[in-house]
Amino acid sequence: MSQAETAEPVERTGAVQQAGRVGSPAAVTPPPAPRRLRSPGLFRGPGLFRSELTLTFRRWRSLALLGVLAVVPVLIGVAVKIETSDGGAVGGGGAPDGGGVAFVSQITNNGLFLVFAALAATLPFFLPMAVGVVAGDSVAGEANAGTLRYLLVAPAGRVRLLLAKFAAVMAFCLVATLTVALSALAVGVLLFPVGDVTTISGVPVPFTEGLWRAVLIAAVVAGSLVGLAAIGLFVSTLTSSGIAAMATTVGLLITVQILQSIPQLDAVHPYLFTHHWMSFADLMREPLLWDGVLRNLGVQAAYAAVFGSAAWARFTTRDITS
């Protein structure tokens, strides 16, 4: 800026001050101070994560998805209560090793089992669909709204921004799972008796231990969504359309579920990110069986590493024009 350009504001300010001293009724009001820009520290470390977290959970779409997830346990609990109001069994009972079926058949004996039944009912579709929508919109939604390039102008860095978005998606995975679990626990306590918990192995354990296992199972279910979250993040870096990224992620989920149901492809099933999802039922056995759970978490970690690396490679080399 030239000296002539800087001198004019200085002279105008001096004139304002002189007019104020003279006491002229036509004193000019000083110009407002320039608006301070947001501190770059917001885009560093936890500050950027908090910003992404706020953005994720303030969207009406995210709140609507959490609302739907909270309603599912209510519907299951009310349906079981109505079906067993005449003293009958739920669906004619269930095999002890039936996973979700075994959980549903135990709800009338202990309301805590509604937590396990609700997680088993939402994990195949409702929970991953919600995660797929949020993950698919994480980067593509910013690009579609035209805010992505402004984020990169700030000293955030592409890698740090991508990590913050993935962490926010993982936080949504945990919150969505806890929403189902807490809603199911509240409904289960209101509609059914609670007390000592009989595991699906037939061994009774105290209610406090059953509650601890419910927390552990919720954490495992949230961890089961890591692979899908990484896939959604990668898809989100490929396009500037949030709707296209969300539809693609959910479409991939449905495709994998179809592949999982084809017996002729059983050689491929162990490598699908959905194959070990229901292994959390082994945590309701006595003693706890960890083999299936660890295989599930290992598959999720592998998917997160592969698709997270692909998202990094794409996002760091992408030309951001919107």
Side-chain angles (χ1 to χ4, degrees), residues 66 68-84 89-131 173-226 274-297 300:
L66 292 177
V68 171
L69 291 173
V71 169
V72 173
V74 178
L75 297 178
I76 296 175
V78 171
V80 172
K81 188 68 174 179
I82 294 175
E83 186 175 357
T84 59
V90 182
D97 296 330
V101 177
F103 293 148
V104 173
S105 65
Q106 292 290 331
I107 292 177
T108 54
N109 299 325
N110 196 317
L112 185 60
F113 273 90
L114 183 58
V115 176
F116 313 130
L119 290 174
T122 55
L123 183 55
F125 183 72
F126 290 103
L127 274 171
M129 182 194 67
V131 172
C173 294
L174 181 59
V175 171
T177 305
L178 291 178
T179 298
V180 175
L182 292 176
S183 175
L185 180 61
V187 175
V189 170
L190 288 175
L191 298 182
F192 306 100
V194 293
D196 290 347
V197 179
T198 302
T199 65
I200 57 179
S201 300
V203 180
V205 296
F207 176 77
T208 53
E209 182 176 345
L211 200 59
W212 173 83
R213 294 195 187 198
V215 174
L216 181 61
I217 286 175
V220 170
V221 169
S224 301
L225 302 170
V226 172
T274 61
H275 182 66
H276 301 286
W277 272 358
M278 300 305 296
S279 62
F280 74 84
D282 291 339
L283 298 180
M284 278 305 294
R285 301 184 186 277
E286 186 62 35
L288 299 176
L289 299 180
W290 288 96
D291 292 345
V293 174
L294 294 178
R295 281 195 296 269
N296 175 36
L297 297 179
Q300 303 305 321

Tightest non-hydrogen contact, residues Ala176 and Leu66, listed as CA-CD2, 3.7 Å
Closest heavy-atom pair, Thr179 versus Ala70, reported as atoms and distance to 0.1 Å, is CG2-CB, 3.8 Å
Below 4.5 Å, heavy atoms only, C-beta onward: do Leu75 and Val71 meet side chain to side chain? yes
Under the rule for side chain to side chain contact (heavy atoms under 4.5 Å, CB included), what residues qualify as partners of Leu294, not counting sequence neighbours? Trp290
Work out which heavy atom in Ile76 is nearest to a heavy atom in Ala121; give both atom names and the distance. CD1-CB, 3.7 Å
Rounded to the nearest 0.5 Å, what separates atom NZ in Lys81 from atom CG in Leu114? 12.0 Å
For the side chain of Thr177 and the backbone of Cys173, is there at least one donor-acceptor N/O pair under 3.5 Å apart? yes
Show your reasoning for whether side-chain contact (heavy atoms from CB on, under 4.5 Å) applies to Leu127 and Val221. CA-CA 9 Å; Leu127 274 171; Val221 169; 3.9 Å; yes
Ring geometry between Phe103 and Phe116 (parallel below 30°, tilted from 30 to 60°, perpendicular above 60°): tilted
Shortest non-hydrogen separation from Leu289 to Leu283 and the atoms involved: O-CD2, 4.1 Å
Let's go through Val197 and Gln106 carefully: what are the C-alpha distance in whole Å and the side-chain angles of both, what is the deciding distance for side-chain contact (heavy atoms from CB on, under 4.5 Å) to 0.1 Å, and is it a yes or a no? CA-CA 9 Å; Val197 179; Gln106 292 290 331; over 6 Å; no
Between Thr208 and Trp212, is there a side-chain heavy-atom distance shorter than 4.5 Å? no
For the CD atom of Gln300 and the NE2 atom of His276, what is their distance to the nearest 0.5 Å? 9.0 Å
Contact check, side chains of Thr108 and Phe192, non-hydrogen atoms, under 4.5 Å: yes
To the nearest 0.5 Å, tell me how far Thr122 OG1 sits from Met129 CE. 11.0 Å
What is the minimum heavy-atom distance between Ala214 and Leu112, and which atoms define it? CB-CD1, 4.4 Å
If you define the side chain from C-beta out and look only at heavy atoms, does anything of Asp291 sit under 4.5 Å from Asp282? no
Is the side chain of Thr199 donor-acceptor paired with the backbone N or O of Val203 at a distance under 3.5 Å, no angle test? yes
CZ on Phe280 to CG on Leu297, rounded to 0.5 Å: 13.0 Å
Indicate the atoms forming the closest heavy-atom contact of Asn296 with Ser279, along with that distance. CB-OG, 3.7 Å
Are Leu123 and Leu225 close enough, and set up right, to give a side-chain contact (heavy atoms from CB on, under 4.5 Å), and what steps lead you there? CA-CA 9 Å; Leu123 183 55; Leu225 302 170; 4.1 Å; yes
When rounded to the nearest 0.5 angstrom, what is the spacing between CG in Leu185 and CG in Leu190? 9.5 Å
Is there a donor-acceptor pair under 3.5 Å between the side chain of Ser183 and the backbone N or O of Pro73? no
